[in-house]
Amino acid sequence: MGYVQEARENHVKKKVEEALRSKMKQKALKECHEYTSKYAECSLGRTISVVWQCRKQANELNQCLHQYTNDSVLDEMKRQYMLQQEGK
């Protein structure tokens with residue numbers, strides 16, 4: 001597949017891309033709920049010290065979120081959206 005054809009297939013309108021990004025982030029938060037809860041529990045009642053006291057939880061949360069919020073995931077969502085639109 002050529003670069004131009006691939007670019008056309010992955011091209012979606014700005015509003016659609018924003019909606020897909022939002023959907024991707026919601027899914028990531030849902031999938032990483034366990035890590036979100038651990039981080040929130042650690043940070044409860046802390047201010048500045050949260051940076052060093054909750055570093056482990058923050059790293060775990062970021063690693064989990066990155067699995068669901070990266071360019072390859074977004075590209076796949078765009079591809080699925082385009083296939084869905086072609087099917088209509």
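We're numbering straight along the sequence, starting at 1. Everything quoted here is computed from the prediction, not taken from an experiment. All values below come from the heavy atoms of this structure, side chains included, with hydrogens, waters and symmetry mates left out.
Here the CG atom belonging to Leu29 is positioned 8.0 Å from the CG atom belonging to Leu61, to the nearest 0.5 angstrom. Distance OG1/Thr47 to CD/Gln53: 11.0 Å, rounded to 0.5 Å.
Under the 4.5 Å side-chain heavy-atom criterion for Ile, Leu, Val, Met, Phe, Trp and Tyr, Leu65 and Tyr35 are members of the same hydrophobic cluster. The hydrophobic cluster containing Tyr68 does not contain Leu20, counting ILVMFWY residues as joined when their side-chain heavy atoms lie under 4.5 angstrom apart, directly or transitively. If you chain together hydrophobic residues whose side chains sit under 4.5 Å apart, Met82 and Leu74 fall into the same group. Tyr39 and Trp52 fall within a single hydrophobic cluster, where Ile, Leu, Val, Met, Phe, Trp and Tyr side chains are chained together by heavy-atom contacts under 4.5 Å.
Side-chain polar atoms of Glu76 and Gln80 form a donor-acceptor pair below 3.5 angstrom.
For the side chain to side chain contact (heavy atoms under 4.5 Å, CB included) test with Met77, the passing option among Lys27, Glu17, Arg21, Met24 is Met24; the others fail.
The 12-atom threshold is not exceeded at CZ of Arg55, counting heavy atoms of other residues, nucleotides or ligands nearer than 6.0 Å.
The nearest pair of heavy atoms linking Cys54 to Ser43 is SG-N, 3.7 Å. Nearest heavy atoms, Lys38 versus Gln57: O-CG, 4.1 Å.
Although no hydrogens or angles enter the test, the distance criterion places a donor-acceptor pair under 3.5 Å between the side chain of Ser37 and the main chain of His33.
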